[in-house]
Amino acid sequence: MARQDFRQLTRPSNRESMKGFQKTSPGELFWDLITFDKLMTGPVVHIIYWAGLCLILLAGFSVVGGAFGMALREGGIMGWMLAIPVVVMGMLALAAGALLWRAFCEFYVAIFRISDDLRAIRNATDRGGPTVSPLTSPLPKDEKVGQG
């Protein structure tokens, strides 16, 4: 069973973010790094996301641990009354930090996907593919939107 689990972990990934690394030889990777022909940061954003999320969790748990340590040091009801709001605020900050970090990383992924789409459009137009002028109307002149 353990051998089969290891095979599942080591098999090639089908994720879009990892395909850029699977099809590249070391020479092409080095050339792409030098010339900026291919953006390498897209797949790396996933690693940065998980590392940042681990740091956010570590900070959140340290706030909770500090609050409990403060409550134990103070002793009595007053220490716990001080610790409970700190724990609640720490959990809220943890949730907000995780959501903001996710939004930040998704923004960068979207930017890189837009770049890939623009590169594909440019390659299609360079090969003589269909182009649409921004001045042409998609509807004939006698048809108007909303009329059937």
Side-chain angles (χ1 to χ4, degrees), residues 1-71 80-148:
M1 181 82 174
R3 181 177 216 116
Q4 188 177 22
D5 292 337
F6 180 73
R7 286 182 188 158
Q8 288 178 348
L9 290 174
T10 57
R11 68 182 174 166
S13 177
N14 291 330
R15 299 179 76 174
E16 287 293 325
S17 62
M18 299 307 285
K19 287 183 181 178
F21 286 125
Q22 292 172 352
K23 297 179 183 177
T24 308
S25 70
E28 291 173 352
L29 183 66
F30 181 71
W31 185 253
D32 287 343
L33 272 171
I34 292 174
T35 60
F36 292 99
D37 284 339
K38 183 177 179 185
L39 298 176
M40 307 300 274
T41 313
V44 176
V45 169
H46 293 94
I47 297 167
I48 293 171
Y49 169 72
W50 285 107
L53 194 61
C54 288
L55 289 175
I56 289 170
L57 285 172
L58 184 66
F61 288 136
S62 67
V63 168
V64 171
F68 281 122
M70 179 181 63
W80 289 104
M81 288 183 69
L82 289 172
I84 290 174
V86 172
V87 168
V88 170
M89 292 302 292
M91 290 296 170
L92 290 174
L94 177 70
L99 287 174
L100 287 173
W101 183 245
R102 174 72 185 213
F104 179 75
C105 290
E106 282 182 3
F107 171 75
Y108 276 104
V109 168
I111 294 297
F112 290 120
R113 286 189 181 163
I114 289 170
S115 172
D116 291 340
D117 291 342
L118 289 174
R119 183 174 291 113
I121 292 169
R122 183 178 353 132
N123 290 339
T125 56
D126 288 346
R127 283 181 274 160
T131 60
V132 176
S133 172
L135 299 177
T136 59
S137 174
L139 298 174
K141 291 182 180 181
D142 53 340
E143 286 188 33
K144 300 223 181 207
V145 177
Q147 293 180 353

J.: With a 4.5 Å limit on heavy-atom distance, are the side chains of Phe104 and Val45 in contact?
T.: no
J.: If a pair satisfies salt bridge (Lys or Arg N to Asp or Glu O under 4.0 Å) and one of its residues is in residues 94-103, list it, with sequence neighbours excluded.
T.: Arg102-Glu106
J.: Which pairs of donor and acceptor atoms, one on a side chain in residues 81-88, lie under 3.5 Å apart (sequence neighbours left out)?
T.:
none

J.: At their closest point, which heavy atom of Gly52 faces which heavy atom of Trp101, and how far apart are they?
T.: CA-NE1, 3.6 Å
J.: I'd like to know whether OH of Tyr49 has more than 12 heavy-atom contacts from other residues, nucleotides or ligands below 6.0 angstrom.
T.: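 More than 12 within 6.0 Å, yes.
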J.: From Leu100 CG over to Cys105 SG, what is the distance, rounded to the nearest 0.5 angstrom?
T.: 11.0 Å
J.: Return the CG to CG distance between Leu99 and Leu94, rounded to the nearest 0.5 Å.
T.: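 The CG atom of Leu99 sits 9.5 Å away from the CG atom of Leu94.
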J.: Quick one: pull up CZ in Phe112 and CZ in Phe107 and give me the separation to the nearest 0.5 Å.
T.: 9.5 Å
J.: Which pairs count as salt bridge (Lys or Arg N to Asp or Glu O under 4.0 Å) when at least one residue sits in residues 50-71, sequence neighbours excluded?
T.: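 Counting only pairs at least two positions apart or across chains, no salt bridge (Lys or Arg N to Asp or Glu O under 4.0 Å) contact touches residues 50-71.
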J.: When rounded to the nearest 0.5 angstrom, what distance separates CG in Asp116 from CD1 in Ile111?
T.: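 Answer for the CG-CD1 pair, Asp116 versus Ile111, is 11.5 Å.
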J.: Checking the side chain of Arg127 only, and the main-chain atoms of Asn123 only, is there a donor and an acceptor separated by less than 3.5 Å?
T.: yes
